[in-house]
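In this text, all values refer to a predicted model and were calculated from it rather than measured experimentally. Atoms considered below: every heavy atom in the structure, side chains included; atoms not considered: hydrogens, waters and symmetry mates.
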Amino acid sequence: NLVKKVFFPRIILVVSQVIANLANYVLSLVVQFPLVALLLYVQNDSVMSPMILLFPAVLAVHGFSHNGAAFHWLASALSDQYFILCPDMPGRGLSAWAETPEKDYCFNVFEGVIVDILRHFGLAQIRYLGTSMGGCLGMRLAGGVLRQAITHLALNDIGPEIPVGALPSALKERDLQPRLKSIVEVKNYYTNVYLKLANVALPGAEWLRFAIDHCRRLDDGSFTVHHDPSIYVHFARHPEDFAHWEAFVSMAVDPLILHGTASTILTDDVVKKVCRLRRSTQVKRITGIGHAPFLCTREEIESIQRYFA
């Protein structure tokens, strides 16, 4: 496939064909962080056209150890109606790794990255979707610097509070830095992890796609996960980033919460408290799924479509 590179001030835009009716831009931005990669999903007839900015914008921010490609299924479904931005947050995917992880892997930095992305594209309003960590960041933004900009806030299996012990327990379910011999082993690794954590079932080809999007090759030819090993310092050095009751109450938008009913990260008690504090909160329960729904089923995608409409 032909790959075109077009150079603009401060950005490099790489355009490549992905699937039938979808164009996937890979954009590198020089923002507050040294380098942040961004996937842009739009329809083919909008490729390389400034008209893409006339679509309503959706900003989709991934979970802690994922990257922007985790929204492939959802972005594919929404791309005929929205201009969809899926950043790789610092230390993940194609974005740069932090020189000082203890300082840079925190929401103070991530907030600046998101604000710079919106400024770069001239976006005054966005629909925001956040999975897990991305949802925590979304609540902070919606109750703070982007209070007037976020018109819709969809939170994927995350609330303003995470139960004590839930994060360490979830991390124990996996080898955080595996060394795997082949893409098939990477696929098996992710299948095992997310069957345990989320009870997610995907066709084999979809697990393979997820594995390819979420692995990187090491110098010795083996494979590992596609993020900086140091991202986990975030939990110890900045625990305040995962508690957001004050921001949640301050938000101008009533959120949609997708709740995996088997989740240990978003509990029934937290959902009930959320609904008491904001009675207009919409809750979509995803039966039998843990943390976090992959946003790949018709039920999950249509719930977001209805909320964003």
Can you pull the side chain to side chain donor-acceptor pair (under 3.5 Å) pairs that have at least one residue in residues 185-196, sequence neighbours excluded? H66-Y194
Sequence neighbours excluded - ring pair (Phe, Tyr, Trp, His ring centres under 6.0 Å) pairs with any residue from residues 245-292: none
Just verifying a value: how many Å separate L153 CG and I257 CD1, rounded to the nearest 0.5 Å? 8.5 Å
Residue pair L129, L74: steps toward the side-chain contact (heavy atoms from CB on, under 4.5 Å) verdict: CA-CA 11 Å; L129 165 65; L74 179 72; 3.0 Å; yes
Test item: R147 side-chain N/O and S250 main-chain N/O as donor-acceptor pair under 3.5 Å: yes
Looking only at heavy atoms, what is the nearest atom pair of A98 and D104, with distance? CB-CB, 3.6 Å
So, R216 side chain and V225 main chain: donor-acceptor pair closer than 3.5 Å or not? yes
Between the NE2 atom in H152 and the CG atom in D254, the distance rounded to the nearest 0.5 Å is 10.5 Å
Looking at every non-hydrogen atom in both residues, tell me the closest pair between I289 and N199 and how far apart they are. CD1-O, 3.4 Å
Please examine the side chains of L123 and L59, heavy atoms only from C-beta on, and report whether any two atoms are closer than 4.5 Å. no
Working for side chain to side chain donor-acceptor pair (under 3.5 Å), residues T267 and D269: CA-CA 5 Å; T267 63; D269 288 343; 5.2 Å; no
With heavy-atom distances below 4.5 Å as the criterion, would you say the side chains of H227 and Y232 are in contact? yes
Main chain of G165, side chain of S169: is a donor-acceptor contact present, judged purely on distance under 3.5 Å? no
Less than 3.5 Å apart, any donor N or O on the side chain of E300 or W73 sitting next to an acceptor on the other? no
Honestly curious: do F210 and V184 fall in one hydrophobic cluster under the side-chain, below-4.5 Å linking rule? no
Let me check something: do L155 and V249 share a hydrophobic cluster, defined by ILVMFWY side-chain heavy atoms less than 4.5 Å apart, either directly or through other members? yes
Kindly give the heavy-atom pair with the smallest separation between D157 and S263, and that separation in Å. OD2-OG, 2.6 Å
Judged by modelled atom types alone, do H62 and R92 share a side-chain donor-acceptor pair under 3.5 Å? no
Mutual orientation of the aromatic rings belonging to H234 and F64 [parallel < 30°, tilted 30-60°, perpendicular > 60°]: tilted
Treating S95 as the side-chain partner and D88 as the backbone partner, does any N or O pair qualify as donor plus acceptor under 3.5 Å? yes
To the nearest 0.5 Å, tell me how far L180 CG sits from C215 SG. 8.5 Å
F308 backbone acceptor or donor facing R127 side chain under 3.5 Å: yes
So CG of L78 and CZ of F83: to nearest 0.5 Å the spacing works out to 14.0 Å
E299: side chain to side chain donor-acceptor pair (under 3.5 Å) partners, not counting sequence neighbours: K284
G68 and L39: which non-hydrogen atoms are nearest, and at how many Å? C-CD1, 3.8 Å
Heavy-atom side-chain contact between D241 and R140 under 4.5 Å: yes
If you measure from CG on L197 to OG1 on T264, what distance do you get to the nearest 0.5 Å? 7.5 Å
Nearest 0.5 Å please: distance from the CZ atom of F71 over to the CG atom of L295. 6.5 Å
Might you work through the side-chain contact (heavy atoms from CB on, under 4.5 Å) test for V186 and L208, ending with a clear yes or no? CA-CA 8 Å; V186 176; L208 183 60; over 6 Å; no
Tell me, do L94 and H226 make a side-chain contact under 4.5 Å, heavy atoms counted? yes
Could you work out, with ring-ring contact (aromatic ring centres under 6.0 Å, His included) as the rule, every residue matching W207, not counting sequence neighbours? F294
Could you check if a side-chain atom of L137 sits within less than 4.5 angstrom of a side-chain atom of M89, using non-hydrogen atoms only? yes
Derivation and outcome, side-chain contact (heavy atoms from CB on, under 4.5 Å), residues S230 and Y105: CA-CA 9 Å; S230 297; Y105 291 145; 4.3 Å; yes
Any donor and acceptor pair, going by atom type alone, linking the side chain of N156 with main-chain N or O of P293 inside 3.5 Å? yes
Applying the 4.5 Å side-chain criterion to the ILVMFWY set and letting contacts propagate, would L195 and V200 be lumped into a single cluster? no
Looking at side-chain heavy atoms only, is the closest gap between F55 and S79 below 4.5 Å? no
Above 12 or not: heavy atoms from other molecules or residues under 6.0 Å from CG of D219? no
Begin with the C-alpha distance, continue with both residues' side-chain angles, and end with the deciding distance and a verdict on side-chain contact (heavy atoms from CB on, under 4.5 Å) for V271 and T281. CA-CA 10 Å; V271 173; T281 298; over 6 Å; no
Using modelled atom types and a 3.5 Å cut-off, is there a donor and acceptor pairing between side-chain atoms of R209 and backbone atoms of H72? no
Determine whether more than 12 heavy atoms belonging to other residues, nucleotides or ligands lie under 6.0 Å from atom CD of E102. yes
Given 3.5 Å as the limit, does a donor-acceptor pair link the side chain of T224 with the main chain of R179, or not? no
Distance-minimising heavy-atom pair for C136 and F242: SG-CD2, 4.0 Å
Sequence neighbours excluded, which residues qualify as side chain to side chain donor-acceptor pair (under 3.5 Å) partners of R306? none
Grab the two heavy atoms, one from A57 and one from Q125, that are nearest each other, plus how far apart they are. CB-O, 4.4 Å
Residue pair R237 / C106, side-chain heavy-atom distance below 4.5 Å: no
Could you tell me if the side chain of I158 sits less than 4.5 Å from the side chain of H244, heavy atoms only? no
Sequence neighbours excluded, every pair satisfying ring pair (Phe, Tyr, Trp, His ring centres under 6.0 Å) that has a member inside residues 122-145: none
Is there a donor-acceptor pair under 3.5 Å between the side chain of H238 and the backbone N or O of F235? no
Got a donor-acceptor contact below 3.5 angstrom from the T151 side chain to the I126 backbone? yes
